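These numbers were taken from a predicted model, which means no experiment stands behind them.
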Amino acid sequence: MTTTHTAISRTLFRTLCIIVALFIAPIHSTFAQDGSWTSGNRLIIQGGITNPVANFGALPATLQDLIPAEGRTPLGGANLGFTVGLTDVFRFTPNFALSISLDANYNSFNNEEAARQLRNAILAAGINGVNLGPLSSLLGLTTSYNAQAYINGTLTGGLRYDLPVIAGLLNVYANAQGGLFYGVLPQSEAKLGMNIPFVNVQLDATITRAQATATAFAYKLGAGVLLFDRLNVGVNYVAATPSFIVNTTPVANVRGAQGMVTIPGLGNISTQTIINAVVGAVPASSVRYDFPTNVLQVTVGYAF
């Protein structure tokens with residue numbers, strides 16, 4: 001019985017060795033072939049996350065941070081998003097290569113924080129020296145904010161330097177590129193609602209910021225590792241400062257008979273005064289301003 005078990009074990013072991021050898025052989029052959037990539041062209045398809053940094057990702061502290069204005073650096077309120085792209089790498093020596101990249105980035109807008117700042121600004125609006133904060137429930141004040149996502153793309157080219165750590169298995173690299181940025185500043189819509197008591201006056205106001213597009217110079221700095229001359233893991237910092245022309249338009253609809261209303265602590269106040277204070281928190285404007293758009297990309301790609 002023991003002899004039989006030993007024979008069976010040896011047979012199974014030999015069979016397993018043959019299977020492993022057959023499995024490893026083509027992989028080793030592929031790696032050996034990939035290790036010969038000392039010159040020539042490879043196309044890398046990549047995707048990953050894009051994290052907004054600096055002002056692009058900064059959350060608004062006041063409503064004014066959301067309103068475009070000349071001479072003031074705006075805060076983007078962009079959220080963590082994703083990126084996809086293509087990179088063409090042409091090695092003319094084992095260490096140096098030309099690289100051209102086409103990337104698209106998507107970052108949603110932090111609507112929740114924008115709505116909170118919009119409400120805070122309205123509540124801070126003054127009437128006869130008294131702000132609206134304590135009267136928010138009495139006036140039935142409601143606010144909402146909805147903005148589309150940030151979408152931008154870059155077409156850049158430059159130089160890439162690869163340093164083989166283990167030839168054909170592990171390379172570390174650094175790249176520097178420059179080129180074209182195309183950005184879409186999202187359309188946004190803020191909504192205000194108010195119901196003035198005793199006189200049955202309702203206010204619905206919509207404040208719209210139109211979508212805008214712009215182009216600018218962009219640069220990209222990055223580093224990463226290349227495994228088996230196939231798997232590319234990289235981190236890139238991408239920066240551009242497009243100049244947008246943005247129109248902000250407030251529209252107010254008032255229903256009910258306007259007149260005087262007595263509010264405890266404020267006395268007799270014209271309903272029109274209250275409406276003007278609320279709508280005036282975001283004036284109409286048309287401005288050109290620079291909008292720094294900086295992201296940190298973390299990607300994984302495959303080289304064909």
Side-chain angles (χ1 to χ4, degrees), residues 49-85 101-119 121-122 143-156 178-192 204-220 236-252 279-297:
I49 61 173
T50 173
N51 182 48
V53 296
N55 282 5
F56 186 46
L59 296 177
T62 69
L63 180 63
Q64 297 306 311
D65 293 329
L66 297 168
I67 303 173
E70 279 187 83
R72 184 175 68 233
T73 302
L75 305 183
N79 290 321
L80 184 72
F82 63 87
T83 180
V84 294
S101 298
L102 177 64
D103 296 306
N105 303 300
Y106 178 98
N107 295 92
S108 62
F109 191 92
N110 195 323
N111 287 306
E112 182 178 345
E113 182 63 21
R116 190 174 73 87
Q117 296 303 337
L118 174 63
R119 182 176 179 83
I122 300 303
T143 60
S144 65
Y145 198 98
N146 182 48
Q148 299 170 348
Y150 290 102
I151 300 174
N152 63 71
T154 54
L155 176 61
T156 55
L180 179 68
F181 170 93
Y182 178 81
V184 178
L185 192 69
Q187 175 179 312
S188 66
E189 184 179 75
K191 291 185 177 181
L192 313 174
D204 293 314
T206 302
I207 303 162
T208 303
R209 184 185 70 186
Q211 185 185 84
T213 60
T215 58
F217 171 78
Y219 69 87
K220 177 191 290 188
N236 292 299
Y237 176 76
V238 184
T241 307
S243 182
F244 292 100
I245 298 177
V246 181
N247 297 306
T248 302
T249 307
V251 177
V279 176
V282 184
S285 64
S286 178
V287 298
R288 175 188 290 273
Y289 72 108
D290 294 335
F291 185 54
T293 307
N294 306 330
V295 297
L296 189 67
Q297 300 171 331

Using a 4.5 Å cut-off on heavy atoms from C-beta on, say whether the side chain of [Y] contacts that of [X].
X      : Y      : result
Lys191 : Asp204 : no
Tyr106 : Thr50  : no
Gln148 : Val184 : no
Phe82  : Ile49  : no
Asn55  : Leu75  : yes
Val238 : Asp103 : no

About how many Å separate [atom2] of [Y] and [atom1] of [X], when rounded to the nearest 0.5 Å?
X      : Y      : atom1 : atom2 : answer
Ile151 : Leu185 : CD1   : CG    : 11.5 Å
Thr208 : Asn247 : OG1   : CG    : 11.0 Å
Asn107 : Leu80  : CG    : CG    : 7.5 Å

Locate the shortest heavy-atom distance separating [X] from [Y]; write the atom from each residue and the value.
X      : Y      : value
Thr156 : Ala218 : CG2-O, 4.3 Å
Pro52  : Gly57  : CB-CA, 3.7 Å
Thr241 : Asp290 : CG2-CB, 3.8 Å

_Can you classify the ring geometry of Tyr289 versus Phe244 as parallel (below 30°), tilted (30 to 60°) or perpendicular (above 60°)?_
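Rings of Tyr289 and Phe244: tilted, 30 to 60°.
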*Mind telling me whether Tyr150 and Phe109 have parallel, tilted or perpendicular rings, with 30° and 60° as the class edges?*
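Ring orientation of Phe109 relative to Tyr150: tilted.
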Short side-chain to backbone donor-acceptor contact, [X] and [Y], under 3.5 Å:
X      : Y      : value
Asn110 : Ala78  : no
Thr83  : Ala104 : yes
Asn294 : Ala239 : no
Asn152 : Phe181 : no
Thr293 : Phe291 : yes

*For Ser188 and Tyr145, what are the C-alpha separation, side-chain angles and deciding distance, and is it a side-chain hydrogen bond (donor to acceptor under 3.5 Å, both in side chains)?*
CA-CA 7 Å; Ser188 66; Tyr145 198 98; 3.3 Å; yes
*Around Glu112, counting heavy atoms of other residues, nucleotides and ligands shown, do more than 12 lie under 6.0 Å from its CD?*
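Atom CD in Glu112 is not packed in, count stays at 12 or less.
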